[in-house]
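A short write-up of the structure that comes next.
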2 protein chains.
Amino acid sequence: MGTASKALSLLNYFTRSQPQIGLSDMARLSGINKATVHRLMGELADHGFVEQVGAGREYRLGPAFLRLAALREKAVPMRELALAELTKLSGLTGETSHMSLLNGEVLSNLTYSYAHKHGTMVMMEDAEVLELHSTGSGLAVLAFSPAPFVDAILSKPLVARTPETVTDPAAIQALLPKIRKRGMAWSIGGYERDVYSHAVPIFDAGSQCIGAMAVAAPVSRITDELRATIQTELALAARRTTRVLGGFPPDTFPTFSPAEPPAESELT
Amino acid sequence: MGTASKALSLLNYFTRSQPQIGLSDMARLSGINKATVHRLMGELADHGFVEQVGAGREYRLGPAFLRLAALREKAVPMRELALAELTKLSGLTGETSHMSLLNGEVLSNLTYSYAHKHGTMVMMEDAEVLELHSTGSGLAVLAFSPAPFVDAILSKPLVARTPETVTDPAAIQALLPKIRKRGMAWSIGGYERDVYSHAVPIFDAGSQCIGAMAVAAPVSRITDELRATIQTELALAARRTTRVLGGFPPDTFPTFSPAEPPAESELT
DNA sequence: AACCAATGGTTTGAATAATGAACCAACAAG
DNA sequence: CTTGTTGGTTCATTATTCAAACCATTGGTT
């Protein structure tokens, strides 16, 4: 791994739950020598990518990202375009919709839209991390990712987020052909209890899967009718999103047929 | 300069007007060897900080910034807090207000708020770059920055954005003590014609100047009354913003006195 | 106080990686 | 067929990273 990669990889240890990291912790987390970490963090700090805060001299992400994110969004208004589709999608389905991007071995949430139609709804957060094996979005991405990548993901220990989470690699592998065939994944309570999630992959200009668009509803609200609405509208919205982002689904990607309600036996 | 710094500095060549840069161009712009640039861009691309696009294989900023910016904003909701103050400020003054952060030798716009009170207003953009010598915000920052930094900025060629821009380093140096004394800078038509801008510096926990908050109004709309309102409210809003961001004005920072309307002779 | 275990930060020669000039191959214009 | 681009690669030279030790400071225990 090159020096620049090392410096950049340090940034990945900052998370929502651990927004500040000290020097020694960072050296431990990254497995990189403390002296090197110190130098790298110093260079990152010089460019505003991290900043040192008060007492413990811990590091946290710096203000440079706000500027660069704005420039990125100006050049490629992914978030804006996705949000436009999500807003429509939430309106049509009455449920929370979101889009997430593949980032290494996890998905990170890009943006989301709530429907304020019901008293309860599935909550999302910006930059929320979604695992590939336990979420509908993750399964959608896995199904349309290269086999070596899938194998790498599934060969690692799979955390059970809920009692319903499927953690058997073989069982997950078995799901993928079905997802590939219908162009849509679903997951019931795999990530959070009582959340029924539908997800469709999103592709870039090279037909590589770069993320997923999804609709998440409380299990209790799901009916055949709502399921049909979600599936129809989500498939359309995701297809439009891929296109509007300049991407193309692979030639093998199916046109989702709404007249194909899932048998109870294939619910997952 | 270390390897990591070189890689990070490459990111600064992407701008609003030049969002895509080829390998050779990047090598020229940065003065770094092409082979090195190639490797560094490859590493940046591996982490999603840049991506290569289609035909010319040019590079542009990658999607990783959206995630990291969201994490940063979650940890330190600068933008959100600033926007809350700006919204109030625009409401009270009826004019466009904005906040920008020092990034190297320029300010980059963090966020802004429009007042929809009049048919015309000063327009802003996210991540817009403001020069230190030609904007009210820039002068406010210069006045509260270390002398070596100010000297470094003013020793470089100063671009005249409009016929009104002051480009004489000595003349600008002469303004700074006055700005320090009153805790507020103003600029008339220095950056864009017909824009009258007031600006107050924002400080961090170490009383370092990190940016500025400003109100920009069309020159034609300025009256003594509006000027007094802007100055009073801006001074208060900026002070609240510094505090709410966890910062402290330096001990020497004056309490702006609204009962001190500028004589016409000190307009700049 | 004395001690211990942390912390952030710095220093050392031996191991490792980055560097830059030259070099390809591909494409375009003349 | 030259000339001048482009993105990308090679390899001896050069600079950086590594590990392990060491400081100075802090906070908690005995």
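Lettering of chains follows the sequences in order, A, B, ..., and the numbering in each one begins at 1. Bear in mind the structure is a predicted one, so any value in this text is a computation, not a measurement.
Two residues are said to be in side-chain contact when any heavy atoms from C-beta on lie closer than 4.5 Å; A:Leu142 and A:Leu176 meet this criterion.
Checking C:dA21, C:dA18, D:dG8 against every side-chain atom of B:Ala35, the shortest atom distance belongs to C:dA21. Among the nucleotides C:dG9, D:dC18, C:dA17, the one closest to the side chain of A:Thr36 is D:dC18. The side chain of B:Asn33 sits closest to C:dA21 out of C:dT10, C:dT19, C:dA21. Of the candidate nucleotides D:dG8, D:dC18, C:dG9, C:dG9 has the atom nearest to the side chain of A:Leu23. Distances from the side chain of A:Arg39 to the nucleotides C:dG20, D:dT17, C:dT19 place D:dT17 closest.
Below the 3.5 angstrom threshold, one finds a donor paired with an acceptor across the side chain of B:Lys34 and the base of D:dG8.
Within residues 24-31 of chain B, no residue approaches DNA chain C, by heavy-atom distance under 4.0 Å.
Neither OP1 nor OP2 of D:dT6 sits under 4.0 Å from any side-chain N or O of B:Arg57. Residue A:Gln52 places no side-chain N or O under 4.0 Å from the OP1 or OP2 atom of C:dT7.
Side-chain polar atoms of B:Gln18 and B:Asp25 form no donor-acceptor pair below 3.5 angstrom.
Within the nucleic acid shown, B:Gly2 has no heavy atom closer than 4.0 Å to any nucleic acid atom.
Taking the six-membered ring where the residue is Trp, the centroids of B:Phe253 and B:Phe144 are separated by under 6.0 Å. Aromatic rings of B:Phe65 and B:Phe49 (six-membered ring for Trp) have centroids within the 6.0 Å cut-off, being under it.
A salt bridge links A:Arg72 with B:Glu51; the closest basic N to acidic carboxylate O contact falls under 4.0 Å.
Around atom CZ of B:Phe248, no more than 12 heavy atoms belonging to other residues, nucleotides or ligands sit under 6.0 Å away.
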